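For reference, the structure discussed in these notes is given below.
Throughout, a chain's letter reflects where its sequence line sits, starting with A, and its residues are numbered from 1. Since the model is a prediction, treat every value here as computed from it, not as a measurement.
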Number of protein chains: 2
Amino acid sequence: MIVQRQNGVALWRQIADRIRSSIASGDYDADGRVPPELALAAQFGVNRHTVRSALAALAEEGIVRAEQGRGTMIERKQRINFPISRRTRFTEGIGDQAREKEGLLLATVEEEASTEIARRLAIDAGTMVVRLETLRTADRRPVSRATSWFPSDRFGGIAKAYRETGSITEAFRDLGLKDYVRAVTEVTALHAEVEDRADLKLSPGAIVLVTRALNCDLEGRPVQFSVSRFPADMVQFTIEN
Amino acid sequence: MIVQRQNGVALWRQIADRIRSSIASGDYDADGRVPPELALAAQFGVNRHTVRSALAALAEEGIVRAEQGRGTMIERKQRINFPISRRTRFTEGIGDQAREKEGLLLATVEEEASTEIARRLAIDAGTMVVRLETLRTADRRPVSRATSWFPSDRFGGIAKAYRETGSITEAFRDLGLKDYVRAVTEVTALHAEVEDRADLKLSPGAIVLVTRALNCDLEGRPVQFSVSRFPADMVQFTIEN
DNA sequence: TCTAGTTGTCTATATAAATAGACATTCCAT
DNA sequence: ATGGAATGTCTATTTATATAGACAACTAGA
């Protein structure tokens with residue numbers, strides 16, 4: 001048995017998730033299309049209409065496109081590998097896995113550090129920090145939605161610098177920080193929330209990988225703490241020691 | 001708006017996931033119980049019966065226990081932190097986060113290496129390898145379900161050694177491998193499949209974190225490749241560089 | 001041109017999820 | 001003891017999900 005009933009997740013969604021996963025794994029690379037609806041219905045032990053609901057959801061996401069009389073073609077098939085190391089940098093990490101990379105600054109505010117942010121940045125709670133809300137895309141598809149905090153005293157101009165350069169590394173350099181390293185990365189996974197769905201253009205019920213990362217300068221002083229969300233069907237992390 | 005309708009994921013499951021997450025985050029630590037059903041219903045904008053379905057699912061998982069007249073008490077609230085580094089070892093990693101740790105050998109077979117396993121272990125496809133199916137628990141709750149492969153020529157006796165010691169590190173030592181290091185760890189996340197649900201005692205629709213890890217000896221020769229699945233609501237990873 | 005194989009659309013029915021309301025039961029502070 | 005606040009149980013209704021069957025529309029190869 002491959003799909004589960006009466007568990008709070010509709011069959012069509014379970015099937016959509018599995019097909020999406022199969023596409024990402026390259027299971028259908030041989031002919032570049034998904035198996036016929038009747039074959040999928042047999043495979044999952046459900047009615048053809050249920051499979052059609054699943055394929056409609058994937059078409060909505062832009063992953064497949066049905067062509068009457070021919071079959072259902074795979075439009076997009078990617079799982080970007082994202083290395084995590086002491087020298088983790090977003091743009092370099094993506095490397096040549098995508099032709100077109102973009103960093104977009106959604107919003108920026110200066111605020112008082114909450115107790116958690118203060119602890120992570122090793123500053124006193126209430127100290128001013130700059131918060132950046134950023135969205136990153138590869139080949140026009142969103143691959144991460146990040147919230148980052150920087151100590152205001154050192155990096156008050158980070159928003160302007162990031163807007164001009166589109167890169168944290170470049171922005172740091174403009175502000176006189178020549179180099180930095182990744183100190184800690186925490187990884188967990190959650191169901192996508194409504195905001196994730198909007199930002200990352202996810203289907204409801206999808207999974208997001210969540211990282212909490214701390215970057216420090218070469219003296220070990222924290223320079224950036226960020227919480228990032230990645231669509232789990234498009235991204236995997238690799239930790240090389 | 002906090003919950004989404006008509007998206008293939010039942011409201012009660014979305015709400016159960018959010019409450020589980022809130023419990024893990026410590027949102028309800030003040031009084032050790034979940035808010036009253038009517039308050040949750042108001043918060044999520046749903047009927048009280050829908051909230052009751054969510055709480056029933058969490059009770060089934062052993063996370064909460066309802067007491068008539070009193071409220072719904074939090075029974076379990078943990079997210080075990082699992083460090084990933086060059087010296088990653090399961091038992092040491094758990095450390096004192098759990099009182100009672102256990103490693104159980106579910107099954108073992110000797111088989112020919114598939115192309116993927118051969119590539120990971122840097123051997124020829126078809127070479128014999130030992131496969132171990134293991135389950136790890138912390139305080140009686142399953143925290144990982146792993147499938148590991150070892151080259152038969154060097155580690156033919158790994159199953160026996162593991163059964164006797166309950167530890168990979170110990171088993172390696174018995175077979176003459178004094179030390180080893182983690183070379184690569186890949187992390188991704190998926191919806192739990194039926195097998196995960198059985199092994200890890202997960203609720204349907206739950207998320208599993210999947211790691212693919214390669215351990216090598218000090219000369220850099222691969223000694224173990226393993227695929228592990230962790231319940232995402234109980235586990236997080238920390239990568240310290 | 002014909003036909004097998006595929007997706008598209010329609011109707012109908014059964015089951016699960018969600019809402020709504022009423023009232024019982026239990027705990028606990030007053 | 002009493003009343004407020006909480007969970008437990010029941011009935012009824014509406015909406016979403018899933019199944020079933022039939023047939024139309026389109027594609028590609030024989």
Side-chain angles (χ1 to χ4, degrees), chain A residues 1-19 23 28 30-60 62-75 191 203-205, chain B residues 1-19 23 28 30-60 62-75 191 203-205:
Chain A
M1 194 61 159
I2 301 166
V3 287
Q4 311 167 296
R5 286 151 199 269
Q6 299 171 18
N7 63 1
V9 182
L11 292 181
W12 63 263
R13 172 140 298 288
Q14 294 181 57
I15 291 168
D17 290 338
R18 291 184 59 93
I19 294 173
I23 290 173
Y28 307 137
D31 43 4
R33 75 180 66 182
V34 163
E37 294 168 354
L38 279 170
L40 289 168
Q43 176 190 339
F44 292 114
V46 301
N47 191 275
R48 175 175 162 239
H49 294 295
T50 308
V51 168
R52 282 180 61 76
S53 297
L55 291 174
L58 294 177
E60 185 73 21
I63 291 176
V64 299
R65 191 186 63 245
E67 295 180 23
Q68 185 168 351
R70 297 191 61 210
T72 302
M73 310 304 162
I74 294 171
E75 286 283 280
H191 283 109
S203 63
Chain B
M1 192 62 156
I2 302 167
V3 286
Q4 312 165 292
R5 287 152 199 267
Q6 301 172 19
N7 62 1
V9 182
L11 291 180
W12 64 264
R13 173 142 297 287
Q14 295 181 56
I15 291 168
D17 291 338
R18 290 183 60 93
I19 295 174
I23 290 173
Y28 306 137
D31 43 5
R33 75 181 63 184
V34 163
E37 294 168 354
L38 280 170
L40 289 169
Q43 176 191 339
F44 292 114
V46 300
N47 191 275
R48 175 174 160 239
H49 293 294
T50 308
V51 168
R52 283 180 61 74
S53 298
L55 291 175
L58 295 177
E60 186 73 20
I63 291 176
V64 300
R65 191 186 62 246
E67 295 180 23
Q68 187 167 351
R70 297 190 62 209
T72 302
M73 311 304 162
I74 294 170
E75 284 283 279
H191 284 109
S203 63

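Across every non-hydrogen atom of A/T50 and A/W12, the tightest pair is O-CB, 3.7 Å. Residue A/A54 comes nearest to A/A16 through the heavy atom pair CB-N, 3.6 Å, listed as atom of the first residue, atom of the second, then distance.
Looking at heavy-atom distances under 4.0 Å, A/S53 makes no contact with the nucleic acid at all.
Taking 4.5 Å as the limit, every side-chain heavy atom of A/I19 sits out of range of all side-chain heavy atoms of A/V64. Between B/L40 and B/I15 there is no side-chain heavy-atom pair separated by less than 4.5 Å.
Side chain of A/H49, nearest nucleotide from C/dG8, D/dT19, C/dA20: D/dT19. Picking from C/dT19, D/dA18, D/dA22 the nucleotide with the shortest atom distance to the side chain of A/R48 gives D/dA22. Of the candidates D/dT7, C/dT19, D/dT19, the closest approach to any side-chain atom of B/E37 belongs to D/dT7. Minimum atom distance to the side chain of A/N47 is reached by D/dA20, of the listed D/dA20, C/dT26, D/dA25.
OP1 or OP2 of C/dG8 has at least one side-chain nitrogen or oxygen of A/R52 nearer than 4.0 Å. Phosphate proximity of C/dT19 to B/T50: present, with a side-chain N or O under 4.0 Å from OP1 or OP2. In terms of phosphate contacts, A/R70 brings a side-chain nitrogen or oxygen within less than 4.0 Å of OP1 or OP2 of D/dA28.
No side-chain donor-acceptor contact under 3.5 Å links A/R18 to the backbone of A/F44.
The nearest whole Å value for the distance from the CG atom in A/L40 to the C1' atom in C/dT7 is 13 Å. Spacing between atom CG of A/L11 and atom P of C/dT15 amounts to 15 Å, rounded to whole angstrom units. Distance CG (B/L38) to C1' (D/dG4): 13 Å, rounded to an integer number of Å. Look at CH2 on A/W12: it is 18 Å from C1' on C/dT15, rounded to the nearest Å. Between the CG atom of B/L55 and the C1' atom of D/dA6 there is a distance of 12 Å, rounded to whole Å. Following rounding to the nearest Å, A/D31 (CG) and C/dT6 (C1') show an atom-to-atom distance of 13 Å. Note: CZ (B/R33) to P (D/dA6) measures 9 Å, nearest angstrom.
Exactly one residue among A/E67, A/R65, A/M73 makes a side-chain contact (heavy atoms from CB on, under 4.5 Å) with A/R33. That residue is A/M73. Among B/L58, B/L55, B/V51, the one residue that satisfies the side-chain contact (heavy atoms from CB on, under 4.5 Å) test with B/T72 is B/L55.
Recorded end-axis angle for the helix from C/dT1-D/dA30 to C/dT30-D/dA1 stands at 30°, based on five pairs per end and rounded to 10 degrees.
A donor N or O paired with an acceptor N or O is not found under 3.5 Å between the base of D/dA6 and the side-chain atoms of B/Q68.
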